[in-house]
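Quick note: numbers below take in every heavy atom, side chains included, and nothing from hydrogens, waters or symmetry partners. Proteins come first, then strands; the chains are lettered A, B, ... in the order of their sequence lines, and each starts at number 1.
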Amino acid sequence: MRSLLGGSALRLLLIHAEEFSFEARQKAIPSAEEVSPERKSGSARNALVVFCTVEKADGKNPDAVVEAATNEVVEVFDKVRASEVVVYPYAHLSKDLAPPTLAVEVLKKLEQALMDKGLKVFRTPFGWYKAFTVKCLGHPLAELSRTILPEEAKLAEKPEEVEAAKSTFVVLTPEGEEYPLDMKNPLSCQVLERDPALKQLVLNEAGLKEERAAPPHIKLMKRLELVDYEPASDIGHFRFYPKGAVLKEALEEFATQIAVRDLRAMKIETPFLYRLDEPDIAEQAARFRERDYRLEVDDREFTLRFAGDFGLFKMMKDVTMSYKQLPIRVYELAPSFRLEQRGECVGLKRLRSFTMPDLHCFCKDLGQAMNEYRELFKQYTRLANSMEIDYAVAFRVVKDFYLENKEWFVELLKIVGKPALIELLPEMKHYWVAKHEYQAIDSTGGNMQLVTVQLDIEDAARYGINYVDEDGSKKGCIILHSSMGSIERWIAAILEQAAKNIASGKPPKLPLWLSPIQVRVIPVSKAFLEYAESLAKILEAKGFRVDVDDREETVPKKIRDAEVEWIPFIVVVGEKEVSTGVLSVRERGVGTYQVQLEELIMKLNNAIGDKPRVPSYLPLRLSMRPRFAA
RNA sequence: GCCCCGGUAGCUCAGCUCGGUAGAGCGGCAGCCUUGUAAGCUGUUGGUCGCGGGUUCAAAUCCCGCCCGGGGCUCCA
């Protein structure tokens, strides 16, 4: 906006006109363009009329100005779907006019540049008093003004490339070998062939992604009666059907297990809503660049939390911590809200309301923080591996930190057993010196961030989170921020993995511990219903999610329905089973076999391991289950 | 936020070009069959054609606006 007050620039006023006509009456200046009689008047329909003023400063770099202006005009032209362009010299947009010779030069170049872009253009003569009529269409884009600054025009040729070019990339293997990675030609890096997920991540990062179809998890989440859009809410807020609720709870329970049982973190809860007149809240919110939900209550402005940090930092500020107590780990399963752009909210990949298992470690020094990091890394790797999905590992590190601690990175990679993309930042750009991400690769080749840990050496001091050291003095902590992704995104990643199976001809499935129904018992006829139910109740008592298909359908039909529902274990019971006590089990993706009940239970226990066992949210009898969707 | 595509029965979709009585399959319901590892048979129910306005004797169909969804771009602790 500075250019409207001072400075000097090419000024454009764009009108999308239903009709436009003009007539040149008489010369206004001696150096007026000489024109033939047929160019002295004209008209156009559905035209983009470009009123255009050339200023003195445009003379510094006329070609760049013309190029930038051309791009602006073409962009608007395409948007409004005009059929021709009128370039209209219009001195009245400026007090700092360019000399006529320069003005004509720029205008002619603009005309030519627009024609080169394939547009139908006519330019009204320069230096004349002209009569004109213009009938503006009056839609939102029908009237626009643009100011092209010469300095911006120069920058426009290489937008922000400077910034991005600063990072360099390498691939590091668990064996400690380092390979340079040229993002302009990433495929030349042979080591990527070792890890297809990493290769895909690098291609995405290099901007080489191809056109993608809709992510298949959206259809799957509906078809499997898990999750669906809720049109009565804002975009990106979902409804969870009972089967989706089981899946979500199992994932939440697993995250909590890792945090509370395995890492001995302290679980807390903090409010969702925060006052913006609190300075540190306002500062945190500002760092999030208007992607938070705002609302006003009783004349006071509030923000909905976009992560657990607000309440956590407030809480930790008041905590008295001794160096002897560190590291301190704090966990919150934090429903969070982010006002993501509408177009960005697609399925479960990115939501405006989601659930984030948020773990922070408060450490006394860098050494302790790096040990903590390793602990988190171990546990989160176990988490990622439990999902049975493909993922890639990426680190973002300040270069000096990487060079000093390369061995530590290799150690981490040994835990996960995969090579990693390492982005080396020339300097501290964020509050962290190092972070890593586990990125799931979906069935269309896109990636989504699941887990992240960030090593933060700044925030504690800023928010007054201190511990008391040996000498009695207060010192700021080193903070590890970590998120075990979002529960919803894990669901997306798991469904995407299933979609990959479908594409490669394998039967899609969910990990057993996440299947809403793990075992379905199918009685061959009504006569065996009671037996089927007693069997189901035994399995249920052992902690499995079971149901019984008691519907009046044929066995093949019931088998089919169970397979369509991706049920991992199907047990058919009839005369044979009652008399022999041996069960006929159909295992998804494996086949049919005979086992004793005890063997089946052992098999299920082994497959589930120590993953959470949440009870079924569905009726035992299939006939009693209502249909929520699909 | 911008551009493109879509919204028809609970679900998946046809019909829309060229306006003239809203269709199929699945599901639901009823009956027959009495069931052994991916769909037994017959009948039947079910729709303010996303919402609002306009054009027309007549609109699912043509026009305008909005809402919802999908894709791309942009953006992205």
Side-chain angles (χ1 to χ4, degrees), chain A residues 75-76 78-81 137 139-141 159-160 207 209-216 218-219 222-223 225 228-236 284-285 287-292 306-309 336 338-347 349-350 356 358 396 429-432 435 437 444 446-449 452-456 458-459 481-483 486 507 520 522-529 549 551-567 569-578 583-588 590-594 623 626-630:
Chain A
E75 193 188 336
V76 175
D78 288 341
K79 271 184 200 163
V80 303
R81 302 170 163 268
L137 277 164
H139 59 76
L141 295 176
E160 307 199 8
K209 54 185 176 184
E210 294 156 20
E211 286 267 307
R212 298 220 168 98
I218 296 168
K219 285 210 164 176
K222 297 181 186 198
R223 226 210 61 217
E225 268 187 312
D228 209 343
Y229 292 93
E230 177 48 78
S233 182
D234 189 14
I235 192 169
Q284 272 172 288
R287 283 162 75 191
F288 204 59
R289 291 202 223 152
E290 297 177 12
R291 287 205 289 134
D292 54 338
F306 49 76
D309 302 31
S336 301
R338 296 185 180 185
L339 198 54
E340 304 290 0
Q341 293 183 64
R342 289 192 78 81
E344 191 53 56
C345 299
V346 172
K349 281 180 84 168
R350 178 159 295 181
M356 187 158 57
D358 222 354
R396 323 279 169 186
K429 274 206 304 207
H430 308 277
Y431 53 89
W432 42 264
K435 71 162 181 168
E437 299 147 10
T444 61
N447 56 286
M448 48 186 156
Q449 180 177 316
T452 184
V453 180
Q454 301 165 348
L455 179 53
D456 172 4
E458 280 187 355
D459 270 352
H481 302 253
S482 79
S483 148
S486 92
R520 170 159 298 164
I522 297 179
V524 159
S525 75
K526 251 190 284 188
F528 304 99
L529 179 56
D549 192 344
R551 297 172 307 162
E552 302 263 333
E553 296 287 353
T554 60
V555 171
K557 172 69 187 242
K558 291 180 184 179
I559 297 280
R560 182 186 145 81
D561 286 348
E563 292 286 3
V564 166
E565 215 182 313
W566 300 5
I567 290 176
F569 289 87
I570 302 167
V571 182
V572 178
V573 294
E575 182 53 43
K576 271 183 269 174
E577 287 70 25
V578 172
L583 297 178
S584 172
V585 175
R586 182 183 165 113
E587 185 178 339
R588 185 166 179 79
V590 174
T592 305
Y593 49 81
Q594 320 299 318
S623 67
R627 195 169 270 269
F628 283 86

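- The separation between A:Glu552 atom CD and B:G28 atom C1' is 16 Å, rounded to whole Å.
- Taking side-chain N and O atoms only, A:Arg342 has a distance below 4.0 Å to OP1 or OP2 of B:C68.
- Counting non-hydrogen atoms under 4.0 angstrom, A:Lys576 reaches a base of the nucleic acid.
- Going from the P atom of B:U44 to that of B:U37 covers 32 Å, rounded to whole Å.
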| field | A:Glu344/A:Arg338 under side chain to side chain contact (heavy atoms under 4.5 Å, CB included): CA gap, chis, key distance, verdict | value | CA-CA 11 Å; A:Glu344 191 53 56; A:Arg338 296 185 180 185; over 6 Å; no
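- For A:Arg291, the listed nucleotide lying nearest its side chain is B:C76; candidates were B:C33, B:C76, B:G36.
- For the pair A:Asp358/A:Asp309, a side-chain contact is recorded, criterion being any heavy-atom separation below 4.5 Å from C-beta on.
- Residue A:Glu565 is classed as having no contact, given no heavy-atom separation below 4.0 Å to the nucleic acid.
- With a cut-off of 3.5 Å on both Watson-Crick or G-U wobble distances, the partner of B:C2 is given as B:G72.
- B:C29: Watson-Crick or G-U partner is B:G43, with both key distances under 3.5 Å.
- The closest donor-acceptor contact from the side chain of A:Lys435 to the backbone of A:Thr452 lies at 3.5 Å or more, if one exists at all.
- Counting non-hydrogen atoms under 4.0 angstrom, A:Val346 reaches the backbone sugars and phosphates but no base.
- Nearest nucleotide to the A:Val572 side chain, out of B:U37, B:A77, B:C76: B:U37.
- Between A:Lys222 atom NZ and B:U12 atom P the separation is 7 Å, expressed in whole Å.
- Ranked by how close their nearest RNA chain B nucleotide is to the 5' end, A:Asp309 and A:Ile218 are led by A:Ile218.
- Between A:Glu225 and A:Arg627 no salt bridge is recorded (no basic side-chain N to carboxylate O distance below 4.0 Å).
- Note: CG (A:Leu529) to P (B:U35) measures 16 Å, nearest angstrom.
- The partner of B:A22, taking Watson-Crick or G-U wobble pairs whose two distances both stay under 3.5 Å, does not exist in any strand shown.
- Closest to the side chain of A:Tyr431, from the set B:C76, B:U12, B:A77, is B:A77.
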| task | Begin with the C-alpha distance, continue with both residues' side-chain angles, and end with the deciding distance and a verdict on side chain to side chain contact (heavy atoms under 4.5 Å, CB included) for A:Lys526 and A:Glu552. | result | CA-CA 8 Å; A:Lys526 251 190 284 188; A:Glu552 302 263 333; 3.2 Å; yes
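- Across the C1' atoms, B:G19 and B:U61 are found 6 Å apart, a figure rounded to whole Å.
- Scanning atom types as modelled, no donor and acceptor separated by under 3.5 angstrom connect the side chain of A:Arg338 and the base of B:C76.
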| task | Kindly determine whether A:His481 and A:Trp432 satisfy side chain to side chain contact (heavy atoms under 4.5 Å, CB included), including the steps that lead there. | result | CA-CA 9 Å; A:His481 302 253; A:Trp432 42 264; over 6 Å; no
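- If you check every strand for non-hydrogen atoms under 4.0 Å, A:Pro215 touches sugar and phosphate atoms only.
- Rounding to whole angstrom units, CZ of residue A:Arg560 and C1' of B:A38 are separated by 6 Å.
- Among the protein residues, A:Val524 comes within range of the nucleic acid bases, having at least one heavy atom under 4.0 Å from a base atom.
- Taking atom C1' on both nucleotides, B:G71 is separated from B:C32 by 49 Å, rounded to a whole Å.
- When the side-chain nitrogen and oxygen atoms of A:Lys557 are compared with OP1 and OP2 of B:G27, one or more of them lie within a distance under 4.0 Å.
- Nucleotide B:G36 holds its P atom 14 Å from the CG atom of A:Asp549, rounded to whole Å.
- Atom CD of A:Gln594 is separated from atom C1' of B:G36 by 11 Å (rounded to the nearest Å).
- Going from atom CG of A:Asp358 over to atom C1' of B:A77 covers 11 Å, rounded to whole Å.
- Distance check on atom P: B:G52 versus B:U12 gives 23 Å, rounded to whole Å.
- Comparing B:G6 with B:C18, their P atoms sit 16 Å apart, to the nearest whole Å.
- The separation of B:C26 from B:U42, taken at their P atoms, amounts to 10 Å, rounded to a whole angstrom.
- Between B:A30 and B:G7, the distance separating the two C1' atoms is 33 Å to the nearest Å.
- Inter-residue side-chain proximity for A:Val524 and A:Val572 is flagged as met; some heavy-atom pair is nearer than 4.5 Å.
- For B:U34, the OP1/OP2 oxygens have no side-chain nitrogen or oxygen of A:Ser525 closer than 4.0 Å.
- Across all strands shown, A:Glu340 has no heavy atoms under 4.0 Å from either base or sugar-phosphate atoms.
- Atoms CD (A:Glu230) and P (B:G50) sit 19 Å apart, rounded to a whole Å.
- Looking at heavy-atom distances under 4.0 Å, A:Ile235 makes contact with sugar-phosphate atoms alone, never a base.
- Between A:Arg586 and B:A38 there is a side-chain N or O to OP1 or OP2 distance below 4.0 Å.
- As rounded to the nearest Å, B:G25 and B:C62 have C1' atoms that lie 30 Å from one another.
- Distances were taken from every side-chain heavy atom of A:Gln341 (C-beta onward) to each of B:C76, B:G1, B:C13; the shortest belongs to B:G1.
- With respect to A:Asp561 and A:Arg520, no salt bridge is recorded, no charged nitrogen being found less than 4.0 Å from a carboxylate O.
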